[in-house]
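Heads up, the thing below is written out as structure tokens.
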Amino acid sequence: MTIVIGFEGSANKIGVGIIRDGEVLSNPRRTYITPPGQGFLPSDTARHHRAVILTVLKEALDEAGVKPEDIDCVAYTKGPGMGAPLVITALVARTVAQLWGRPLLGVNHCIGHIEMGRLITKAHNPTVLYVSGGNTQVIAYSERRYRIFGETIDIAVGNCLDRFARVIKISNDPSPGYNIEQMAKKGTKYVELPYTVKGMDGSPLKKVCDAASKMLSSGECAAEDLCFSLQETLFAMLVEITERAMAHCGSQEVLIVGGVGCNLRLQEMMGVMCKERGAKLFAIDERFCIDNGAMIAQAGWEMFRSGQVTELQDSWITQRYRTDEVEVTWRD
């Protein structure tokens, strides 16, 4: 049996998860939440992570019922993400690996989401929609790489939702995207917003967010109607580019991962498209969709079992780390 511990802290979540041969033994996390109308700054987020990470580590070990000597490998998020929080996470992971005398593994955050989704859903070879606050990509596996077929060019879908949440000053607890989803359920009127798909890419999303903000400030529309309309527009764009990638790859499976993947309306819309194509939709809940340590542990488990390790001198972090930069040595 191989046991891997994973540290995730690329944005406002700090999590530590432990995986044993595909079984999630523990997965505690904490979230840095700011007041309504405010985002989270890298320095403040890093201070939050530094204050709680050792508590979360202890919780993970206690919940899993394992000791440091039981751990075979220490995995951490190498990137992409916010610089200061990534540094805190990597620093603790490096220290733990040296104290415990265990090998270290730097993991691509995006691939952590994909491998967690594959583990939980048992999807075989899906077209992946990875949609979160920092990234929006349509991905498919081919020849030892997770190839990016489409993405948003300016900002991610989650970032677009977060920006609008700040405009209407709704709570960031548990997340702005979740609270927009709840407000959207009360919307009764669809308002036309810019639909910005260019080939396989959704761009620019700032135009969509700015249009919604202007309508709100002018009093043209209620906030609930704009939340509803913003979701419908953004998610329709995601369904379109995902379907196009499926057609190109001849795929009959879709896997949604990332924090926005929790959204039930997005899952519903994607499910309609899959049903029309005779395809199958795979989605996961907030335990594993939202950033968590177990996803880093799972990707680390796959990498470690295929012979990969990260030497201490190479255990740096990077804010820009493309999904397709990683050689996927653990898949045929």
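Source: prediction; values computed, not measured.
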Review point. Are the side chain of Thr77 and the backbone of Gly79 linked by a donor-acceptor contact shorter than 3.5 Å?
Key: no
Check your understanding: With the threshold set at 4.0 Å, does a side-chain nitrogen-carboxylate oxygen contact exist between Arg265 and Glu232?
Key -> yes
Practice item. Would you please say whether a donor-acceptor pair under 3.5 Å links the side chains of Tyr130 and Asn135? Key: yes
Point to revise | Donor-acceptor contact present, side-chain Ser315 to main-chain Leu312, <3.5 Å | key: yes
**Study point:** Glu8 and Thr89: side chain donor to acceptor below 3.5 Å
**Key:** no
Practice item. Walk me through it: do Phe149 and Ile139 pass the test side chain to side chain contact (heavy atoms under 4.5 Å, CB included)? Key: CA-CA 6 Å; Phe149 284 82; Ile139 302 162; over 6 Å; no
Review point. For Glu327 and Thr329, does a side-chain donor sit closer than 3.5 Å to a side-chain acceptor?
Key: no
Point to revise | Side chain Thr152, main chain Asp154, donor-acceptor under 3.5 Å | key: no
Review point. Do you know which two heavy atoms are closest between Leu281 and Cys274, and how far apart they sit?
Key: CB-SG, 4.1 Å
Check your understanding: If you take all heavy atoms of Gly9 and Ile14, which pair is closest and at what distance?
Key -> CA-CD1, 4.0 Å
Exercise for review: Determine whether the side chains of Tyr195 and Glu240 contain a donor N or O and an acceptor N or O closer than 3.5 Å.
Suggested key: yes
Review point. Is the backbone of Gly106 close enough, under 3.5 Å, to the side chain of Thr310 for a donor and an acceptor to pair up by distance?
Key: yes
Review point. Regarding Gln231 and Thr233, is there a side-chain donor-to-acceptor distance under 3.5 Å anywhere?
Key: no
**Study point:** More than 12 heavy atoms of other groups within 6.0 Å of Glu143 CD
**Key:** no
Point to revise | side chain to side chain contact (heavy atoms under 4.5 Å, CB included) assessment of Ile18 paired with Val4 | key: CA-CA 6 Å; Ile18 299 176; Val4 177; over 6 Å; no
Exercise for review: Using atom types as modelled and distance alone, determine if a side-chain donor or acceptor of Thr34 lies under 3.5 Å from a backbone N or O of Gln38.
Suggested key: yes
Point to revise | Over all atoms of both residues, closest heavy-atom pair of Thr196 and Pro204 | key: OG1-O, 3.4 Å
Check your understanding: Does one side chain, of His113 or Asp291, offer a donor that lies under 3.5 Å from an acceptor on the other?
Key -> yes
Check your understanding: Any donor-acceptor pair under 3.5 Å linking the side chain of Thr318 with the backbone of Arg320?
Key -> yes
Practice item. Group every Ile, Leu, Val, Met, Phe, Trp and Tyr by side-chain heavy-atom contacts under 4.5 Å, then state whether Ile19 and Val66 land in the same group. Key: no
Review point. For Met82, what are the other residues in its hydrophobic cluster, where any two members join if their side-chain heavy atoms are less than 4.5 angstrom apart?
Key: Tyr32, Phe40
Review point. Mind checking what makes side chain to side chain contact (heavy atoms under 4.5 Å, CB included) contact with Asp201, not counting sequence neighbours?
Key: Glu151, Ile153
Practice item. For Tyr146 and Arg331, run side-chain hydrogen bond (donor to acceptor under 3.5 Å, both in side chains): C-alpha distance rounded to whole Å, both residues' side-chain angles, the deciding distance at 0.1 Å, then the answer. Key: CA-CA 10 Å; Tyr146 281 116; Arg331 290 189 63 177; 3.0 Å; yes
Check your understanding: Under 4.0 Å between a Lys/Arg side-chain N and an Asp/Glu carboxylate O for Glu59 and Arg30?
Key -> yes
Exercise for review: Would you check, one step at a time, whether the test salt bridge (Lys or Arg N to Asp or Glu O under 4.0 Å) holds for Asp210 with Lys214?
Suggested key: CA-CA 6 Å; Asp210 291 346; Lys214 286 177 183 176; over 6 Å; no
Check your understanding: Are Ile155 and Val167 connected in a single hydrophobic cluster, I mean Ile/Leu/Val/Met/Phe/Trp/Tyr linked by side-chain heavy atoms less than 4.5 Å apart?
Key -> yes
Exercise for review: Just do the side chain to side chain contact (heavy atoms under 4.5 Å, CB included) check on Thr242 and Met270 with the steps written out, would you?
Suggested key: CA-CA 9 Å; Thr242 303; Met270 195 68 72; 3.7 Å; yes
Review point. Do you know which two heavy atoms are closest between Leu234 and Cys160, and how far apart they sit?
Key: CD1-SG, 4.0 Å
**Study point:** Residue pair Arg305 / Thr2, side-chain donor-acceptor N/O under 3.5 Å
**Key:** yes
Check your understanding: Counting only N and O atoms by type, is there a donor-acceptor contact under 3.5 Å from the side chain of Asp72 to the main-chain atoms of Ile3?
Key -> yes
Check your understanding: Are the side chain of Asp324 and the backbone of Arg145 linked by a donor-acceptor contact shorter than 3.5 Å?
Key -> no
Exercise for review: Identify the heavy atoms of Leu161 and Ile180 that sit nearest to each other, and give their distance.
Suggested key: O-CD1, 3.1 Å
Revision key, fill the gap. Output for pair (Ser217 OG, Met215 CE), nearest 0.5 Å, gives 10.5 Å
Review point. Do Thr127 and Glu253 pass the side chain to side chain contact (heavy atoms under 4.5 Å, CB included) test, and can you show the C-alpha distance, the side-chain angles, and the key distance before you say yes or no?
Key: CA-CA 6 Å; Thr127 297; Glu253 295 180 331; over 6 Å; no
Review point. Quick check: does any side chain N or O of Asp70 sit under 3.5 Å from a backbone N or O of Lys67, one acting as donor and the other as acceptor?
Key: yes
Point to revise | OH (Tyr141) with more than 12 external heavy atoms under 6.0 Å | key: yes
Point to revise | Polar side chain donor-acceptor pair, Trp330 to Glu115, under 3.5 angstrom | key: yes
Point to revise | Arg166 versus Asn172, side-chain donor and acceptor atoms under 3.5 Å | key: no
**Study point:** Derivation of the ring pair (Phe, Tyr, Trp, His ring centres under 6.0 Å) call for His109 and Tyr321
**Key:** CA-CA 8 Å; His109 176 87; Tyr321 191 13; over 10 Å; no
Review point. Are the side chain of Gln137 and the backbone N or O of Val131 linked by a donor-acceptor pair below 3.5 Å?
Key: no
Review point. Hey, does Pro103 have a side-chain heavy atom less than 4.5 Å from the side chain of Phe304?
Key: yes
